[in-house]
Amino acid sequence: MKRIFEIDPWIVKTHELDVENKRLQESITAIGNGYMGMRGNFEEGYSGDTLQGTYLGGVWFPDKTRVGWWKNGYPEYFGKAINAPAFNHIGITVNGEKIDLATSKFTDFYLALDMHQGLLTRSYVYHGHETAIKFTFDRFLSNAVQEAALFKVSVDVLEGHADIQFDASLDGNVVNEDSNYDEQFWQALEENPVAHSITMETIPNLFKVPQFTVTLAQRLQLNGQDVEGVLTTASGTLNETVTTRLDAGEHSDLVKSVVVVTSRDIEPEHQVERVSQLLDGVVAAGFDELLNQQTAIWADRWATSDVVIDGDDAAQQGIRFNISQLFMTYYGDDPRLNVGPKGFTGEKYGGATYWDTEAYIVPMYLAVTKPEVTHALLQYRHDQLPGAFHNAQQQNLAGALYPMVTFNGIEAHNEWEITFEEIHRNAAIAFAIYQYTAYTGDDTYVNTDGIEVLVAIARFWADRVHFSQNAGKYMIHGVTGPNEYENNVNNNWYTNTMASWVLEYTLERLPKANGAVLAKLAVSDDEQAHWQDIIDRMYFPTDEKRGIFVQHDTFLDKDLRPAASIPADQRPINQHWSWDRILRSPFIKQADVLQGIYFLNNRFTMAQKEANFDFYEPMTVHESSLSASIHAILAAELGKMDKAVELYARTARLDLDNYNNDTDDGLHITSMSGSWLAIVQGFAGMRYTDTQLSFKPFLPSTWTHYAFKMNYRGRVLAIDVADTTTIKLVAGEPITVLVNDKPVRLEVEA
């Protein structure tokens, strides 16, 4: 495996421009601030292979779904995260030659993402006609002013003289790489030379989805002074040219400040005025001061979320990279947003949110951010209940079916086996409510908005099951479980198990819920009795001889063999095999049965956990980014330490090491919490119920120490694991926790 970035605990860096892996470098050096983000594209442009990408939170387009075999209930459109107008461009011409690292001569290349504050730095020495110049580029997207992006180009002339021309531009004439025939999703409304701005609007659509209007404006400063360059405009573009002449030993800085606003927040007729106001403040504060504010904000975040690892710098870099990318994608600032599977790093996967958020992000964010951040994720789903009702109605079913892919609550995925069949996502929404309630001890949400969500999902499951007269059991046919390498199966154990659990949890919560909400929901005694009957008589495929839960009815009829039997040159199989061959194979994309065992962990014996792990893990190819972390957690619980460490490395460095050869088009943002879960729930053995917090720590043999902090019910705990384990209460009321099944009383030290 070739690593294209060097190992460093806090910096993702390289001294090589790897043209064969340019897109991979762009993905890994993507930055964001929750409001917007961009790939690590070069400011001065690059004529070689590249994937240009700038993205704005909540700005999307409903592209028409085209299929030759339309079925009732099929989504009308495919929601796309569209490439937004580009604002990072700063073309550079030296002595008449345009700099382009695909063709220009250069040395001493350096590229680094500083995870302390999300600062991207790049430098090289350009060798031109009778001159040598060191260029250094710094950029960040402000967390203090989320609409602001700042770029600085530093110039040091090493030899000769240089007539330098900077062309700082805003460009709305962008396309998605997956566009049909380079179709553009944007149309120009205005170029405003006075405000140095452009205003773009998404093109009309057929589906009554509101069009988005975006205004971008820029200002330039040369060596700390405002500068008015030569301004030119064309439809959807604005360019400002600034020139300077430098001799050997001289230095110059160009700062480009950009502000972006959208119609999600500012009405179109007020956008130019608003960007001008914001730019006044940004320019007055300046690059350095805003970077200082950025660093302070990130220092507060790292103080509660950092995981310190001694003895393995690769492991340390991996988890910090994942945490930083998660926080650059989502930190709860806008309850209308969620965590996209690619975040702001690529256009693949389209939608704003998958079930990944509830299954993987929620348990981490509960412990490393304020409860309000996770509450916003729950509220996002409640606010989209109307869309979930619509999705169920499209399938002629009762209740609510939450979408697999969405921006507004309406299903927007264009693969039938996902839209129709991967309905297990519904259970993850409910399980997130359970996790929030059990972890925080706050039942305010579950007793009000939460119970509305639970009842709606329960009603869906009660309608989606059918009763088999032959078996005398309730069953669920025609589904795709978490293992997407099997479609249209019957009685997926995970789906049946989680559907039953949702009904059970909803019945448990109903008597405690808000009276006014219950009156509105009108869950009758007969309805509750039916739910209980489903719980009592749900069918769960099992194999008594092997002592396992069977993934689905016919799984054991496959040609069962381990993934180790697959030739190395055929991995990943999703890039080498036909879909038909994959579906017929026994190979598992990600945790399926084991996902259910992970969720409902305290319901299963260690013998059951071990039998199922030993049966399923060898057949798992881990070609889903969501897979390795679940297996790492269960391996740690079962004492399979080497396997736990191996799978932690896979989840922590999935993108940094490009394990699945699919990071070039964007990072796997929603699986990045898996590295935190693998350490905290896996290596440290953290578990919680409604009444108890517990730990069963172990130290990987190649590590000398690891430590982390976590919020828990108004407290801050610091966990330190070395040859011995130390757990301290940093803030909050005294608490008793279990450590290796023994109660330990914690109090803040005087």
Looking at Leu647, is its backbone amide N or carbonyl O close enough to the side chain of Thr651 to form a donor-acceptor pair, meaning the two atoms are under 3.5 Å apart?
no

Between Thr670 and Gly340, the two heavy atoms sitting closest are CG2-O, 3.7 Å

Do the side chain of Thr14 and the main chain of Ile4 share a donor and acceptor less than 3.5 angstrom apart?
yes

Short side-chain to backbone donor-acceptor contact, Asp63 and Lys80, under 3.5 Å:
no

With a 3.5 Å distance limit and no angle check, can you tell me whether Glu177 reaches the backbone of Glu347 through a side-chain donor-acceptor pair?
no

In terms of side-chain geometry, is the basic nitrogen of Arg584 or Asp580 positioned less than 4.0 Å from the acidic oxygen of its partner?
yes

CD1 (Ile423) and CZ (Phe460) are apart, to the nearest 0.5 Å, by 4.5 Å

Within the 4.5 Å heavy-atom criterion, are Val479 and Glu422 side-chain neighbours or not?
no

Taking Ser27 for its side chain and Gly666 for its backbone only, find out whether a donor-acceptor pair lies under 3.5 Å.
yes

Contact summary for Pro482 and Asn492, nearest pair of heavy atoms:
CD-OD1, 4.1 Å

Return the orientation label for the Tyr706 and Phe708 ring planes: parallel under 30°, perpendicular over 60°, tilted otherwise.
parallel

Exam field: side chain Asn408 to backbone Ile410, donor-acceptor pair closer than 3.5 Å
yes

Of the options Glu617, Glu610, Glu646, which is the one that meets Lys640 in a salt bridge (Lys or Arg N to Asp or Glu O under 4.0 Å)?
Glu610

Specify whether Phe549 and Trp493 have parallel, tilted or perpendicular ring planes, treating 30° as the upper limit for parallel and 60° as the lower limit for perpendicular.
parallel

Tell me, please, whether Trp577 has Arg581 positioned over its six-membered ring: NZ or CZ under 6.0 Å from the ring centre and within 45 degrees of its axis?
yes

Quick one: does Trp579's side chain get under 4.5 Å of Asn487's, heavy atoms only?
yes

Looking only at side chains, do Ser625 and His668 share a donor and an acceptor under 3.5 Å apart?
no

Closer than 3.5 angstrom, by distance alone: can the side chain of Ser673 be matched with the main-chain N or O of Tyr360 as a donor-acceptor pair?
yes

Gap between atom CZ of Phe5 and atom CG of Asp655 - 0.5 Å precision:
11.0 Å

Nearest heavy-atom pair of Ile28 and Val12: which atoms, and what distance?
CG2-CG1, 3.7 Å

Which value, rounded to the nearest 0.5 Å, describes the distance between Asn391 atom CG and Tyr402 atom OH?
10.0 Å

Any side-chain to backbone donor/acceptor pair from Asn491 onto Met475? Under 3.5 Å, distance only.
no

Any donor-acceptor N/O pair, Gln590 side chain to Leu626 backbone, under 3.5 Å:
no

From OH (Tyr365) to OG1 (Thr357), nearest 0.5 Å:
9.0 Å

Kindly indicate whether the side chain of Tyr598, heavy atoms from C-beta on, has any atom under 4.5 Å from the side chain of Gln681.
yes

Can you tell if the side chain of Phe431 reaches within under 4.5 Å of the side chain of Trp501, non-hydrogen atoms only?
yes

Output yes when a side-chain donor or acceptor of Ser500 lies under 3.5 Å from a complementary backbone atom of Asn496, and no otherwise.
no

Parallel, tilted or perpendicular: which describes the rings of Tyr77 and Trp60, with under 30° parallel and over 60° perpendicular?
tilted

State, yes or no, whether a side-chain contact exists between Leu677 and Ile633 at a heavy-atom distance under 4.5 Å.
yes

Does the gap between the ring centers of Tyr474 and Tyr539 come in under 6.0 Å?
no

Tell me whether the rings of Tyr494 and Trp355 are parallel (<30°), tilted (30 to 60°) or perpendicular (>60°).
tilted

